[in-house]
Participant: 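First, the structure itself, so that you have it in front of you.
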Amino acid sequence: QVQLVESGGGLVQAGGSLRLSCAVSGRTFSRYTMAWFRQAQGKEREFVVGISWRGGRTDYADSVKGRFTISRDNAKNTLFLQMNNLKPEDTAVYYCAATSMEEVPSTTKGYDYWGQGTQVTVSS
């Protein structure tokens, strides 16, 4: 069983930055493709960015390209999401997810494990 625990969310003004973390335990983190999703109130959960376990390939949603950066520290079993130039439309609960697939799925169905989420609120 893989357990994922997100942290780092909070309230920030537009234009500000936050760094999310996702601590992973239970299996070999380095063999999991990881991703961040988000879900705004009243909306479906959407893909934000993912990073593959083989080669560290990344895939970003167009809405966050140039502002968000995903990274992973396999030695510390931790996934990160650096979010810069935040906008009010980035407000959502952010979830990390894991899959054993080599590529980066962009739908929720592609992931086997999920964290509980962390709230990010961007004020205008």
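Please read these numbers as outputs of a predicted model, since none were measured by experiment. Atoms considered below: every heavy atom in the structure, side chains included; atoms not considered: hydrogens, waters and symmetry mates.
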Participant: Could you give the distance from CD1 (I70) to OH (Y60), rounded to the nearest 0.5 Å?
Facilitator: 6.5 Å
Participant: Enumerate the residue pairs fulfilling disulfide bond (SG atoms under 2.5 Å apart) with a member in residues 37-71, sequence neighbours excluded, ordered by first and then second residue.
Facilitator: none
Participant: Quick one: do V48 and L86 end up in the same hydrophobic cluster if we chain Ile, Leu, Val, Met, Phe, Trp and Tyr together by side-chain heavy atoms under 4.5 Å apart?
Facilitator: yes
Participant: Any side-chain heavy atom of T121 sitting closer than 4.5 Å to one from V12?
Facilitator: no
Participant: Report the residue from I51, V64, L20 that forms a side chain to side chain contact (heavy atoms under 4.5 Å, CB included) with W36.
Facilitator: L20
Participant: For T28, what residues pass the side-chain contact (heavy atoms from CB on, under 4.5 Å) criterion, not counting sequence neighbours?
Facilitator: S30, R31
Participant: Quick one: does R72's side chain get under 4.5 Å of F80's, heavy atoms only?
Facilitator: no
Participant: After noting the C-alpha distance and the side-chain angles of S52 and E102, does the key distance pass the side-chain contact (heavy atoms from CB on, under 4.5 Å) rule?
Facilitator: CA-CA 6 Å; S52 67; E102 288 190 18; over 6 Å; no
Participant: In the structure I gave you, are the side-chain heavy atoms of M34 and V24 within less than 4.5 Å of one another anywhere?
Facilitator: yes
Participant: Side-chain contact test, heavy atoms from C-beta onward, threshold under 4.5 Å: evaluate it for F68 versus L81 and give yes or no.
Facilitator: yes
Participant: With a 4.0 Å cut-off, would you call K87 and D90 a salt bridge?
Facilitator: no
Participant: Minimum heavy-atom separation for V104 to R57, with atom names?
Facilitator: CG2-O, 4.0 Å
Participant: Which residue, Q39, Q119, R38, E6, forms the side-chain hydrogen bond (donor to acceptor under 3.5 Å, both in side chains) with Y94?
Facilitator: R38
Participant: G110 and T99: which non-hydrogen atoms are nearest, and at how many Å?
Facilitator: O-OG1, 3.0 Å
Participant: Quick check: do T118 and S7 have side-chain heavy atoms less than 4.5 Å from each other?
Facilitator: no
Participant: Is it true that F37 and Y95 have ring centroids separated by less than 6.0 Å?
Facilitator: no
Participant: Given 3.5 Å as the limit, does a donor-acceptor pair link the side chain of Y32 with the main chain of A97, or not?
Facilitator: no
Participant: Main chain of N85, side chain of R67: is a donor-acceptor contact present, judged purely on distance under 3.5 Å?
Facilitator: yes
Participant: So which heavy atom on P88 is nearest to which on S124, and how close?
Facilitator: CG-CB, 3.9 Å
Participant: For the residue pair D59 and V49, establish whether any side-chain heavy-atom pair is separated by less than 4.5 Å.
Facilitator: no
Participant: May I ask you to test the W114-L4 pair for a side-chain heavy-atom distance under 4.5 Å?
Facilitator: no
Participant: To the nearest 0.5 Å, tell me how far M101 CE sits from R54 CZ.
Facilitator: 13.5 Å
Participant: Would you say the ring centroid of F29 lies under 6.0 angstrom from that of W53?
Facilitator: no
Participant: Looking at CZ of R19 and CG of N84, how far apart are the two atoms once the value is rounded to the nearest 0.5 Å?
Facilitator: 11.0 Å
Participant: If you measure from OH on Y111 to OG on S106, what distance do you get to the nearest 0.5 Å?
Facilitator: 7.5 Å
Participant: If every non-hydrogen atom of G8 is compared with every non-hydrogen atom of L18, which pair is closest and at what distance?
Facilitator: O-CD2, 3.9 Å
Participant: Hydrogens and angles aside, do T78 and D73 bring a side-chain donor and acceptor to less than 3.5 Å of each other?
Facilitator: no
